[in-house]
Amino acid sequence: VLTSVSLVGIVFTQLYWVRKSLDLKSEQFDNSVRIAMKSVLNQLMDIKNDSVFKENLLLIMCRKSKLDVTDIIQPGLLDSLLLEELTCMELNENFNYGLYNRLNGRFVAGRYAGAEQQLLDSPFQFSVASLYKPGDYFLSIYFSGKTGFVLRQMEVWLLFSILFLVVLIISFIWVAF
């Protein structure tokens with residue numbers, strides 16, 4: 001009986017630590033996304049403050065009465081910066097992103113087709129108010145395969161945990177009977 005209680009305790013302890021490891025890996029993923037997004041926004045800020053960029057904006061302002069957010073945050077540049085940063089952080093999984101107006105939910109740039117609601121609900125939302133006023137625009141990113149990505153990062157340890165637990169249980173049954 002005491003051995004059975006010990007075995008159950010070992011199994012639950014192992015399950016607890018596997019769950020904690022998965023939570024930690026998920027948190028690391030989230031932090032990496034935040035770092036990558038903030039890096040993209042910082043690079044966009046540096047570009048906005050560049051004298052050549054400012055001259056180009058003046059030329060655009062001569063043709064338009066008001067600048068759009070996509071004049072400041074150019075979609076092609078945003079796309080390449082995001083890909084570069086996410087690749088650097090080894091997060092180039094299946095993702096969608098969008099630059100949208102929070103007041104009306106309208107997307108103005110990004111890869112958002114079919115993922116609009118997920119992007120609006122995403123925990124990864126960053127204001128671009130430092131780049132474009134008024135501050136109603138947000139950059140959002142959503143990873144549809146986050147769980148799979150986290151599990152793949154831990155697959156070796158998960159397999160070893162399962163293997164050792166199975167060996168332990170089989171050994172217990174073998175000895176007990």
Side-chain angles (χ1 to χ4, degrees), residues 19-158:
R19 181 70 200 153
K20 282 291 192 188
S21 296
L22 287 171
D23 289 346
L24 181 62
K25 211 43 137 160
S26 180
E27 187 177 328
Q28 286 175 335
F29 179 92
D30 292 352
N31 288 336
S32 294
V33 170
R34 286 184 193 95
I35 290 168
M37 295 291 280
K38 288 184 187 238
S39 176
V40 166
L41 291 173
N42 286 338
Q43 289 177 62
L44 287 169
M45 188 64 144
D46 290 344
I47 291 167
K48 181 186 176 198
N49 292 329
D50 181 62
S51 60
V52 174
F53 185 78
K54 287 180 180 181
E55 287 177 25
N56 288 338
L57 279 182
L58 288 173
L59 293 173
I60 292 171
M61 286 172 50
C62 291
R63 294 188 310 251
K64 290 176 145 182
S65 61
K66 183 180 179 220
L67 290 175
D68 295 326
V69 67
T70 54
D71 293 326
I72 308 291
I73 303 171
Q74 299 165 350
L77 179 62
L78 177 61
D79 190 63
S80 66
L81 289 175
L82 269 171
L83 282 173
E84 182 181 322
E85 285 301 318
L86 292 172
T87 300
C88 181
M89 298 296 267
E90 299 179 359
L91 297 174
N92 48 349
E93 287 293 308
N94 186 22
F95 69 93
N96 296 89
Y97 74 94
L99 181 62
Y100 74 97
N101 185 316
R102 189 172 260 181
L103 294 178
N104 61 19
R106 192 180 69 110
F107 285 84
V108 295
R111 289 192 284 170
Y112 52 86
E116 291 90 346
Q117 192 58 51
Q118 290 90 340
L119 286 166
L120 293 173
D121 297 336
S122 173
F124 307 113
Q125 303 217 12
F126 302 87
S127 173
V128 295
S130 61
L131 297 165
Y132 182 80
K133 302 285 186 206
D136 303 331
Y137 285 90
F138 282 76
L139 179 60
S140 178
I141 191 164
Y142 169 73
F143 291 85
S144 59
K146 175 186 171 183
T147 304
F149 179 82
V150 170
L151 289 174
R152 279 192 303 282
Q153 296 287 308
M154 302 263 319
E155 71 186 344
V156 171
W157 296 110
L158 289 172

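- Residues Phe29 and Phe143 bring their aromatic ring centres within 6.0 Å.
- The CD1 atom of Ile47 sits 12.0 Å away from atom CG of Asn56, with the distance rounded to the nearest 0.5 Å.
- Within the 4.5 Å cutoff, side-chain heavy atoms of Phe149 are placed close to those of Leu91.
- In this structure a side-chain-to-backbone donor-acceptor pair under 3.5 Å is missing from Asp136 to Arg102.
- Nearest heavy-atom pair across Ala36 and Leu86 is CB-CD2, 3.9 Å.
- With hydrogens and angles ignored, the 3.5 Å screen pairs a side-chain donor or acceptor of Tyr132 with a backbone N or O of Leu67.
- In this structure the side chain of Leu139 reaches within 4.5 angstrom of the side chain of Leu41, judged on heavy atoms.
- The salt bridge (Lys or Arg N to Asp or Glu O under 4.0 Å) analysis of residues 37-60, with sequence neighbours excluded, yields no pairs.
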Ile141 vs Val33, test: side-chain contact (heavy atoms from CB on, under 4.5 Å). Steps then yes/no. CA-CA 9 Å; Ile141 191 164; Val33 170; 3.8 Å; yes

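- The CG atom of Leu119 sits 11.0 Å away from atom CZ of Arg111, with the distance rounded to the nearest 0.5 Å.
- Closest approach of Arg106 to Asn104, counting heavy atoms only: N-OD1, 2.9 Å.
- How far NZ of Lys64 is from NZ of Lys66: 10.0 Å, rounded to the nearest 0.5 Å.
- Across all non-hydrogen atoms, the minimal contact from Asn96 to Ala113 is ND2-O, 4.3 Å.
- Listed here is the closest heavy atom pair of Met45 and Ser130: CE-O, 3.4 Å.
- Checking Glu85 against Gln43 by side-chain atom types alone, a donor-acceptor pair falls below 3.5 Å.
- Side chains of Tyr97 and Asp79: a donor on one and an acceptor on the other come within 3.5 Å.
- Not a single donor-acceptor pair under 3.5 Å links the side chain of Gln28 to the backbone N or O of Ser26.
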Would you check, one step at a time, whether the test side-chain contact (heavy atoms from CB on, under 4.5 Å) holds for Tyr137 with Ile73? CA-CA 11 Å; Tyr137 285 90; Ile73 303 171; over 6 Å; no

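- Annotation for Leu22 and Val150: closest pair O-CG1, 4.0 Å, computed over non-hydrogen atoms.
- Counting all heavy atoms, side chain and backbone alike, Leu99 lies closest to Val69 at CD2-CG2, 4.0 Å.
- Atoms CD1 and CG, on Ile35 and Asn42 in that order, are 12.0 Å from each other to the nearest 0.5 Å.
- Within the 3.5 Å criterion, the main-chain N or O of Leu103 finds a donor-acceptor partner in the side chain of Asn101.
- Counting heavy atoms from C-beta on, the side chains of Tyr142 and Phe124 never come closer than 4.5 Å.
- Note that the CZ atom of Phe138 and the CZ atom of Phe126 stand 11.0 Å from one another [nearest 0.5 Å].
- Listed for the Ser140 side chain is no donor-acceptor partner under 3.5 Å among the backbone atoms of Leu120.
- The shortest side-chain heavy-atom distance between Leu44 and Leu77 falls under the 4.5 Å cut-off.
- Separating the CG atom in Leu57 from the CD1 atom in Ile72 is a distance of 4.5 Å, to the nearest 0.5 Å.
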